[in-house]
**Student:** 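Below is one structure. I have some questions about it.
Remember, it's 1-based here, ligands and their atoms both numbered in the order they're listed.
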Amino acid sequence: MQKPKGTYDVYGDLGKQIQYIEKVIGAMMEKYHYEYVRTPIFESKELFHRGVGDSSDIVTKETYDFQDRAGREMTLRPEGTAGVVRSFIENKLYGRATLPVKTWYYGPMFRYERPQAGRYREFYQFGVEVFGSNDPLIDAEIISIPVNIYRFLGLKGIKVKINSLGDEESRTAYKKALKEYFKPYVNELCEDCKVRFEKNPLRMLDCKVDHEKEIMKNAPTILSYLNKESEEHFKHLQDYLKAMEIPFEVDETIVRGLDYYTHTVFEVEADIKEFGSQKVLCGGGRYNQLVETLGGPSTCGVGFAMGMERLLSALEKENITFKEESLDCYLFALSENEKEYVAYLSNLLRMNGFSVTMDYNQKSFKANFKQVERLNPKFVLIIGEEEVKDKKITIKNNHTKKEEKIKEEHLIEYLDEEIEM
Ligand code: ATP
Ligand code: MG
């Protein structure tokens, strides 16, 4: 039996790497005072059609759709935002006394894409969504989150690219200009772009096929179509980023793959040439209409999502690995007769905060010391007949090689002190 195409298994060092990053993310979200949310992995198909948008690649080509046994149309979530917005509305979080509501999520997403480096059919995203504020300070704050996470993990060469798609009025004016500009060239564009021209010309700028063509490069850009209010928003965002000492560049080609963005859009890239279009580690933006589109009261929103797999590859490329948590105690019994006492001790130690593993297979003394060499615990506890009888444990400090006999009642205290030293 083999795993499905475009998926992967986690074990060994990869598991350690992932668990470390997950810890960093959780700790970072505590510092930012964001609230953890979790929504179902499948939702109604309609949610994604309305939420992500009918002209996005994600919905037109990439969803895993299925009928449940009662014939309901369901979709495995291809992204996190639609579900979080649905939950925000359904649970009436907009009624809270303290706005904005700042949330984060983490979990698997599913897209039927052509599997390749940095692109999987099941992949993990960490993301945030903030509801109830149009303040560009929030936009700057959420941009600082991936930047600080990548910095903390030690990634170098991180690039932040920002752009503004403006408000409804600015975008309408811009779309009109785009249509006029592209009209004479429609036939020269790829099949997808012909559809995008009709449905949402902004999408054309995100095309991976026509990207290099001159007509694309010379297309009018959004920033000259921003109205006063949109211009102000974009300027304040840049001021806040500067104040937070986050280097960025304005890149007018960034429109993002989803339909719902307004004002700020951004991407964070790894500066790794071999990565090609997979160098985008993280992307997001503001979506001031989305809550209303999904049936809630008019509420501003802004968020991003970052892919775990691309982050892992970037760390690998830069040779960044995280040290595994070390093992405190390794226990072994000299004979079957002492195993119950070993079981008792292991429980006592674990409940007092020590990491413990032991010999389960009644190996020889020599085999146990081979095991100790591999696991490199701080302490080795050897339990023989005498130890059980006197409740005095032989403890060897595996690093200093000091060996002592300690009474069970002083064991925890002793280990705590030794670890302090
Ligand atoms: P791309 O343009 O690379 O297809 P996207 O616009 O589809 O990206 P988003 O939907 O904004 O990406 O997702 C945000 C992040 O999630 C991406 O920057 C990337 O790190 C990650 N991501 C997206 N699709 C995949 C995938 N199929 N496999 C692994 N990671 C992915
Ligand atoms: Mg994509």
**Student:** Taking the six-membered ring of Phe110 (Phe, Tyr or Trp), confirm whether the NZ or CZ of Arg121 is under 6.0 Å from its centre and within 45° of its axis.
**Tutor:**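 So Arg121 doesn't make the cation-pi contact.
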**Student:** Does a donor on one side chain and an acceptor on the other come within less than 3.5 Å for Asn227 and Glu169?
**Tutor:** yes
**Student:** Whether the Thr63 and Thr75 side chains hold a donor-acceptor pair (N or O, under 3.5 Å, no angle test) is what I'd like checked.
**Tutor:** no
**Student:** Are side-chain N/O atoms of Tyr174 and Thr221 paired as donor and acceptor at under 3.5 Å?
**Tutor:** no
**Student:** For Arg119, counting its heavy atoms only, list the atoms of ligand 1 lying under 4.0 Å from any of them.
**Tutor:** 1 (P), 3 (O), 4 (O), 26 (C), 27 (N), 28 (N)
**Student:** Run the numbers for me: atoms of ligand 1, each under 4.0 Å from some heavy atom of Val280, listed by number.
**Tutor:** 18 (O), 19 (C), 20 (O)
**Student:** Going by atom types alone, do Gln125 and Tyr106 pair a side-chain donor with an acceptor below 3.5 Å?
**Tutor:**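 The answer is no; no qualifying pair exists.
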**Student:** For Tyr120, take its heavy atoms, then give the atoms of ligand 1 lying under 4.0 Å from any of them.
**Tutor:** 26 (C), 27 (N), 28 (N), 29 (C)
**Student:** For Met306 and ligand 1, does the shortest N/O to N/O distance drop below 3.5 Å?
**Tutor:** no
**Student:** For residues 1-10, dump all side-chain donor-acceptor pairs below 3.5 Å to protein atoms at least two apart in sequence or in another chain.
**Tutor:**
residue: Thr7; atom: OG1; partner: Pro4; partner atom: O; Å: 2.6
residue: Tyr8; atom: OH; partner: Glu309; partner atom: OE2; Å: 2.5

**Student:** In terms of atom number and element, which parts of ligand 1 are under 4.0 angstrom from non-hydrogen atoms of Cys282?
**Tutor:** 18 (O)
**Student:** What atoms in ligand 1 come closer than 4.0 Å to a heavy atom of Ala305?
**Tutor:** 14 (C), 15 (C)
**Student:** So if I count the atoms of ligand 1 from 1 in the order they appear, which ones are less than 4.0 Å from some heavy atom of Gly307?
**Tutor:**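 In order of numbering, the contacting atoms are 15 (C), 16 (O), 20 (O), 21 (C).
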**Student:** Heavy-atom distances under 4.0 Å decide this one: backbone, side chain, both or neither, for Leu281 against ligand 1?
**Tutor:**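 It is the backbone that touches ligand 1; the side chain stays farther off.
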**Student:** Among the heavy atoms of Glu79, does any lie under 4.0 Å from an atom of ligand 1?
**Tutor:**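 It does not; every heavy atom stays at 4.0 Å or beyond.
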**Student:** Given Phe304, Phe123, Tyr124, Tyr112, which one has a non-hydrogen atom that is nearest to atom 25 (C) of ligand 1?
**Tutor:**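 Minimum heavy-atom distance to atom 25 (C) of ligand 1 goes to Phe123.
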**Student:** As a check for students: among Gln125, Gln278, Arg111, Met308, identify the option with a heavy atom nearest to atom 10 (O) of ligand 1.
**Tutor:** Arg111
**Student:** Please confirm whether Gly6 comes under 4.0 Å of ligand 1, counting heavy atoms of the residue only.
**Tutor:**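 Contact absent.
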**Student:** List every atom of ligand 1 that sits less than 4.0 Å from any heavy atom of Glu113, numbering the atoms from 1 in the order shown and giving each element.
**Tutor:** 24 (N), 25 (C), 26 (C), 27 (N)
**Student:** Does any donor atom in the side chain of Asp167 or Thr262 lie under 3.5 Å from an acceptor atom in the other side chain?
**Tutor:** no
**Student:** Are there over 12 heavy-atom neighbours, none belonging to Tyr360, within less than 6.0 Å of that residue's OH?
**Tutor:** yes
**Student:** Gly118 heavy atoms, cut-off 4.0 Å: which ligand 1 atoms fall inside?
**Tutor:**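 That gives atoms 28 (N), 29 (C), 30 (N) of ligand 1.
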**Student:** Cut-off 3.5 Å, no hydrogens considered: what does the side-chain donor-acceptor table look like for residues 282-301, sequence neighbours left out?
**Tutor:**
residue: Arg286; atom: NE; partner: Asp139; partner atom: OD1; Å: 3.1
residue: Arg286; atom: NE; partner: Asp139; partner atom: OD2; Å: 3.1
residue: Arg286; atom: NH1; partner: Ser133; partner atom: O; Å: 2.9
residue: Arg286; atom: NH1; partner: Asn134; partner atom: OD1; Å: 3.3
residue: Arg286; atom: NH1; partner: Asn288; partner atom: OD1; Å: 3.0
residue: Arg286; atom: NH2; partner: Ser133; partner atom: O; Å: 3.1
residue: Arg286; atom: NH2; partner: Asp139; partner atom: OD1; Å: 2.6
residue: Tyr287; atom: OH; partner: Glu129; partner atom: OE1; Å: 2.6
residue: Asn288; atom: OD1; partner: Gly301; partner atom: N; Å: 3.4
residue: Asn288; atom: ND2; partner: Asn134; partner atom: OD1; Å: 2.9
residue: Thr293; atom: OG1; partner: Gln289; partner atom: O; Å: 2.9
residue: Thr299; atom: OG1; partner: Pro297; partner atom: O; Å: 2.7

